[in-house]
Structures are given as structure tokens and as C-alpha cells.
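Comments concern the structure below.
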Amino acid sequence: MPTTLPDRSAYPALPTDAISYDEFLRRNTATGTLKVQASRARGALPTKGVRIRVIGRFSDARVLFFDGETDADGNIRGIVLPAPPIAASLSPDGARRGALYQVFASHPDFEPQIYEIEIFEGVTAILPVALPLPQEVL
């Protein structure tokens, strides 16, 4: 069950075309899936215990859709998220984009990372999360 989050300045600004949470749910009646693959050392080493939060930003709320940690292989599988019907994205006369989510990745030993991911009905999106050591970020 999604959780509404407080409005905090640490989150990036809302997009200019932000819609309400209720409108988002009305437009996104299907679901898609997200798989996260967290690693370090330029993708060579899977990273366990990376906290992943998937957030939707709306004109009236920020909603937490998922909060969990990667397994021993650096993976989280099967994060089910609201998504628009796939037919809307396949139209040659003006394909619509998928549902947009922010993914926050954090681990005590690495620099936090923020990603944006697009989700479509019936599709599993794979998000590779690369975690740099603090001294690697300049």
C-alpha cells in the first residue's frame, strides 16, 4: 500500500506537468514491474543491503510505492507499479510515455543515487544501480 510522504526540499522539484495522485491512478489502470540490480566496482560486484525507495511525485503528494533492500545478489525483483495501458505507448500518431517514478538508492558505504524510471503495462523494466564510493564522486 503506497504511503504519502512529507514535502521535503531534498526531493527534486515537481515537473511542470505534474498531475494529482487520483488522476495518476485514473490514467494508470494497469501494472508494470521493476527489477533493480545494484552493484559497485563498475558493475563487477553485486551489492547486498542497498535500500531502494520508489517514489511518485504528484501535484498534491509524494507517494512511496516501495521501500526495501537488495538481496545477496544485489537484486530486488517484482516491484509492481501502476502503469498506463501498453497500447497508448505503441501508437504511431503520438505515443504516450509510461508512468514515471523516482528511485532512490542508498547504502551506508556508498554515495546515494537518484534515478528516474519509466514503467509500462506488462513490461519488466530493469534498472542497473551503480554505487560509487564517496571518494569516487568529485
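Every value quoted in this text rests on a predicted model; they were computed, and no experiment measured them. Heads up: numbering here begins at 1 and tracks the sequence.
- Between A38 and T70, the shortest heavy-atom distance links the atoms CB-CG2, 3.9 Å.
- Classified by interplanar angle (parallel below 30°, tilted 30° to 60°, perpendicular above 60°), the ring pair F24/Y101 is perpendicular.
- Across every non-hydrogen atom of L81 and F65, the tightest pair is CD2-CB, 3.6 Å.
- Cluster annotation: I19 is connected to Y21 through the hydrophobic network of ILVMFWY side chains, with a link wherever side-chain heavy atoms come within less than 4.5 Å.
- No side-chain donor-acceptor contact under 3.5 Å links N75 to the backbone of K35.
- No more than 12 heavy atoms of other residues, nucleotides or ligands sit less than 6.0 Å from atom NZ of K48.
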Side-chain donor-acceptor distances from residues 116-133 under 3.5 Å, at least two apart:
unit_1	atom_1	unit_2	atom_2	d
E118	OE2	G98	N	2.7
E121	OE1	I86	N	2.5

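- G32 and A83 get closest at one heavy-atom pair: N-CB, 3.7 Å.
- Put simply, the side chain of T47 never gets that close to the backbone of G74: no donor and acceptor are under 3.5 Å apart.
- In terms of heavy atoms, R57 sits closest to Q102 at CD-OE1, 3.2 Å.
- Hydrophobic clustering (side-chain heavy atoms under 4.5 Å, transitive across Ile, Leu, Val, Met, Phe, Trp, Tyr) keeps I79 apart from L100.
- The distance from atom CD1 of I52 to atom CZ of F66, rounded to the nearest 0.5 Å, is 8.0 Å.
- When atom types are taken as modelled, the side chain of D71 and the backbone of D73 share a donor-acceptor pair closer than 3.5 angstrom.
- Remark: F110 engages H107 in a ring pair (Phe, Tyr, Trp, His ring centres under 6.0 Å) (not counting sequence neighbours).
- S39 is not listed as a side-chain neighbour of L45, based on a closest heavy-atom distance of 4.5 Å or more.
- Across A72 and P46, no two heavy atoms sit closer than the pair O-CB, 4.4 Å.
- Here Q113 contributes atom CD and S106 contributes atom OG; the two are 10.5 Å apart, rounded to the nearest 0.5 Å.
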